[in-house]
Structures are given as structure tokens and as C-alpha cells.
Amino acid sequence: VPQLQDLGAPALAVSSTLNVDETLKILTERARQIIDCHLAISGLTADQDWGHALHAVSLSDKYAAWRDLAQKPDGSGIYRLVCEANRPMRLTQAQLESHPAWRGFSKAAGAHPPLRGWLAAPLIGVDGRNIGLIQLSDKGAGEFTEADESILVHLAQMGAIAIDKIRLYEDAEWRRRAAEELYTLSHDVATTLDVPSLLQLALRHIGEVFATRVVVLLPDAGGNLVPRWRYPETAQPEPGEAAVSQWVYEHGQAAGLGTRMFPAEPTLHRPLIGSRETIGVLSLAPRNAGRLRDPGQFLLLETFANQIALALERATLVEQAHEAHLRMETERLRSSLLSSISHDLRTPLATITLAASSLLWRTGGLDPESQRELEESIYDESERLARLVDNLLNMTRLESGIQARKVSQPLEDVVGAALARLERRLHGRSLTTSFPDDLPLVLIDDVLIEQVLINLLDNAIKYTGSESLLELSALVSDGMVTVQLADRGPGLDPGDEERIFEKFHRGSSGLTQGAGLGLAICRGIIEAHGGRMRAENRPDGGAVFRFTLPMEPVPADHAAPHG
């Protein structure tokens, strides 16, 4: 009766915990106290493997020397009979020593406390399968009785129910967390374009949910699988796994742990299958192999794998689309370049050839005015050819990564050089310049900035009438020098404020001579200086082009008066 009364306390204790080890610790300690013995041990089996870990050990002071006992049973001891039959077993010391299944602990005899009589009860799950046992030895007075056996069976049933409850809770909690991870992964797959970061995130989800090492293997150019992404980052597939992964990739079937193909492998290899073909292989090495053998969890893993395959396939399609776009853009630029060069080179060459042949072969001679006109045509068209070649060369330099050779110098000197080179073309045009007296030195590559000014002025000359006023000015604001060229021409077409800076784009108004590279080169040079360039229409007619150049501190001994 006192023993039955004592069962209430452990029942309350195990019902208040959600930890398997804590439950077994409570049951083992209370079983030893209620039945009054010196030794109590409990352990759990795994997948009908009677070799199990010792989860809880309770020893009286008599056995204090063995309180660190951690010897793992190998599944061959007498306790195996209890687990296999799922029935309690009670033996006196004499019965224990004479029992054919008792081997005196074999090799573990020196590490195991001695037994004096033995009582064991199985832990039976709700499905009727054995999940472990509780063993008692060395009763304080006399041998274990039938009443002791009944009490231990009650405690074992209590413990089994509690363990099943905890496992159900853990499984429900695991599924809830896995569902949250899957939802997060699905959202990330749908919204994230950074595939490497997305895959690292996906592998972390799988690694944490399934407590496993994860490796994604993708084929190289020769079709051989190589690891591309890992979780954790230090994870590496074992040498023997390569052949299994290659087989999975070639056959599109899962293999390894929990499958019919290569079932002895400790690693699960699952194909990542896209809409058209196998993309790669997902390799997992779980710490708890039983988790992946559960059909529900295996199905969840398959869902995760499908999400990864979707992300990889989307990345592949994006990359293919990008490559196709690059090929189309390259072809378009090539066609535009050839078209521009064929027209813009042939026209001045034809003019130069005609003028030169007239000067050379005209037998009757030319009057001085006609001769000068032909000579000016040759000069003008030669300059036009030189500008076209310069633009082509500058565009090549920009696309290969231009390096500006910046030196602190007066901006007015560069403006003056640009105006001098365009003196003939500006003849007869109204041009004003406005620069503050205190304009500081700027850190620039004078050759490149001169080219910017020449291209802007050349553009204004081509797209405005001879009566249009050109205004070139500069001002200092917010640590930047802003240079602008304004005109009174027809202005920019609606929506062309950015397009005019694209390669080979030419405005619809005015003349269309040129390859459409001048403004693209201007923006490239200004950005290489750390500045910005933009264009807009003026409210009262015409267009204005502005570019900024950052001002950098200039040592005092470099400063010089200028104007």
C-alpha cells in the first residue's frame, strides 16, 4: 500500500516535463526509492536495436564508485529478452547466474557494478513496440517480489506514456517549425534574385530542421559533380559518396540512406529535378538517421529539395536570358557600329577624295576661290574623320576600364584649349562664357575633360541653328564644380533626357552626322572622374547639358592665381 501511494508523486513529476531524459531520470530515481534497492538503470532502444544508450542511472551510496557509469549495452545481454518479448522479468541472484542469457557483463564486467538479483520492465509505446526498459538490482532486504514487479510495471507504463507524449509534442513542434521554414524558403525563392545567398539560406533551413550536413553538387563542364554550396560551410562529402551522387545524377533517383539503392550508405543523396532535366544532387548526412526514414519527414525533405531545384532552375534561366540579351545587345551594337562607320567614314572620305582629285587632275586650273573651297573641304572632312576616330578610340578605352590621370589645374585652361580646337566650327556662332573669378583648381585629366567639352560643343553646333546662342558657364556648390552648356535650339525629344547618353543614339532633330557616341563618351569620362552628367530642356526653349566634378583639397603651394 505505501508503495502504491508513492506512485502519485512520480506521476505528477513526469507529467510536468517535456524532456525525455528528465522523465527517465525521475522514473529511475523514484523506482529505486519506492522499491528500496541500491541500483536502477533505464535506457531507450532505437528501431528495435537492443543495443541502447543509458539515459538514467540511480545508485545508492553503496555503489558510489559507479556513478559515472556510461557503458553502452551492445544488445546481447539478458535485458534483450525483456525488450524482445515486451514482458517484465524477475530473477533471484541464483537464477540470474544460472540463466543461459547471463554472461556476467562479458568485457564490461570490470566497469559495471555487480548485480544481486534482477528486476526489469519494458517501456512499451502506444504502437506496442518496445522503446526501452528499466532495470533494478540489489534490493535492500530480501529478493524482489511480485508486488515489486507490479510497481515497476506501473512505473514503466507511466514512463512510456510520458515519453510517447513528449515525442508527439516534439514531432508536432518539429513539423510546425519545418512548415515555417518551408514557408520562409518558398517566399524567398519567389522574391530573391540573389541565388547564392538564397541557396545558402535554403541549406541552413534544411540543416537545422533535419539536423544534418547538407551539400549541393552541380555538374561541371565535363558532367562530373562537384560541391557548390554547403551547410555548414566547412562540410565536405566523404570520398566514397562521389560515386553514389554521380549515379543519382545520371539516373534521377534517390539513393543511400533509407532507399532501396545503396541502403548501407550513411548519407542520403536526392536528385534536384527541374522541369526538363536533373540539375544536380542534394546530399545529406543526418545525425539522426531515423528521422529521414519517417515517410512524412522524407516527403517534407522532398518538398525542400523541390524548392531548391526551382531556385537553381530559375537562376539558370535568368543566366541564359541574360546571356541571350548580351548576345542580342552585342549584335545590335555591332550592326549599329558597322552602319555608323560605313556611313560616317565613307561620306567624309568621298568628299576628301573628290576634292583632292579635283585639285590634282583639273587640267584647266582653278580660280583661287574654288581652290580654297576645295582645300577647306579637305580640312573640314579630315577633322570630322579625326573626331570620329577619337570617339571610337575613347569608347574602347571606356569599355576596357578607363583610368583618369588626374592633376590639379585651372578649368579655364581646359575650356580655352577646347574652344581653340573648335575655332573654325564656332566661327560666326554666338558663344558666351561665364566663370567666377574664384573658381578653384579641379583635380582632372585635362585631355579627357577637353574631349568632353569638344563633344558637347560639337553636339550643340550640329543640332542648333547658326543663330542660336551658346552659353558655357561654371559655378561652385556643395563641394562640386558644375559646368553647363546651354543653347536655344529645338531642345530634346520627350523622354530622351537619358536615352541621348546611350551608345549610337542620335536625336531626331537637326543633322544626324556622327556615330552617336559623343554623349555616351562624355558621361563615361565624367563618371570616371566621380561626377555626374545629365541633360534637360530649358523652360524658355533650348537644352542644357550639365556635368559635375568633385572638388578635392589642393595643397596651398599648388594654388596659383588664374582667370
Side-chain angles (χ1 to χ4, degrees), residues 336-397 412-433 446-472 485-490 504-522 525 542-543 545:
S336 298
L337 182 60
L338 290 176
S339 175
S340 296
I341 290 177
S342 63
H343 176 270
D344 293 308
L345 287 179
R346 289 172 64 184
T347 300
L349 282 175
T351 303
I352 292 171
T353 302
L354 179 61
S357 64
S358 298
L359 289 172
L360 183 62
W361 304 112
R362 186 71 176 262
T363 56
L366 294 171
D367 59 84
E369 182 179 352
S370 298
Q371 181 171 335
R372 181 168 180 80
E373 287 180 358
L374 291 175
E375 291 170 347
E376 288 180 350
S377 294
I378 293 174
Y379 181 82
D380 290 341
E381 295 303 319
S382 297
E383 275 199 326
R384 180 177 163 190
L385 272 178
R387 287 195 302 273
L388 177 60
V389 172
D390 282 345
N391 280 337
L392 290 173
L393 292 176
N394 284 329
M395 181 55 65
T396 302
R397 290 180 62 197
E412 297 94 320
D413 290 354
V414 181
V415 172
L419 294 177
R421 286 187 59 184
L422 291 173
E423 182 178 4
R424 282 177 50 79
R425 301 200 65 212
L426 288 170
H427 183 69
R429 300 294 298 256
S430 297
L431 172 67
T432 65
T433 59
D446 59 337
V447 174
L448 293 178
I449 297 302
E450 181 182 331
Q451 185 66 49
V452 170
L453 293 168
I454 288 173
N455 283 358
L456 288 177
L457 288 166
D458 180 67
N459 191 71
I461 293 169
K462 286 192 297 185
Y463 286 91
T464 62
S466 59
E467 73 286 351
S468 175
L469 174 65
L470 303 180
E471 303 169 65
L472 182 61
L485 177 65
D487 63 52
R488 291 296 181 185
F504 305 115
H505 179 79
R506 293 184 287 195
S508 60
S509 59
L511 299 174
T512 57
Q513 293 180 345
L517 294 175
L519 293 179
I521 291 170
C522 289
I525 291 174
F545 290 80

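Just so it is clear, the values below take in all heavy atoms, side chains as well, and ignore hydrogens, waters and symmetry mates. Since the model is a prediction, treat every value here as computed from it, not as a measurement.
Contact annotation: the side chain of L422 approaches that of I454 to within less than 4.5 Å [non-hydrogen atoms, C-beta and beyond].
For T433, the side chain to side chain contact (heavy atoms under 4.5 Å, CB included) test picks out L419, F435, L472, with sequence neighbours left out. Partners of R488 by salt bridge (charged side-chain N to carboxylate O under 4.0 Å, His left out), not counting sequence neighbours, listed by chain and number: D540.
Here the CG atom belonging to L457 is positioned 11.5 Å from the CZ atom belonging to R421, to the nearest 0.5 angstrom. Separation of atoms CD (E373) and OG (S358) is listed at 11.5 Å; rounding is to 0.5 Å. Atoms OG and CG, from S466 and L426 in turn, are 12.5 Å apart once rounded to the nearest 0.5 Å. Atom CG of L519 and atom CG of L456 lie 6.5 Å apart (nearest 0.5 Å). In this structure, CD on Q371 lies 11.5 Å from CD on E376, to the nearest 0.5 angstrom. Between I461 atom CD1 and L431 atom CG the span is 9.0 Å, to the nearest 0.5 Å.
Among residues at least two apart or in separate chains, there is no salt bridge (Lys or Arg N to Asp or Glu O under 4.0 Å) pair with a member in residues 349-358.
Residues L470 and A460 come closest through the heavy atom pair CD2-CB, 3.9 Å. Summarising the geometry of A418 relative to L453, their closest heavy-atom pair is CB-CB, 3.8 Å, with the distance given to 0.1 Å. Looking at every heavy atom in both residues, S468 comes nearest to G489 through OG-N, 3.6 Å.
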Run the side chain to side chain contact (heavy atoms under 4.5 Å, CB included) check on S377 and I352 step by step: do they pass?
CA-CA 7 Å; S377 294; I352 292 171; over 6 Å; no
Apply side chain to side chain contact (heavy atoms under 4.5 Å, CB included) to residues L469 and D487 and explain how you reach the verdict.
CA-CA 6 Å; L469 174 65; D487 63 52; over 6 Å; no
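At distances below 3.5 Å, at least one donor-acceptor pair connects side-chain atoms of S357 with backbone N or O atoms of L354. At distances below 3.5 Å, not a single donor-acceptor pair connects side-chain atoms of R424 with backbone N or O atoms of Y379.
Between the side chains of T464 and R429, at least one donor N or O lies within less than 3.5 Å of an accepting N or O.
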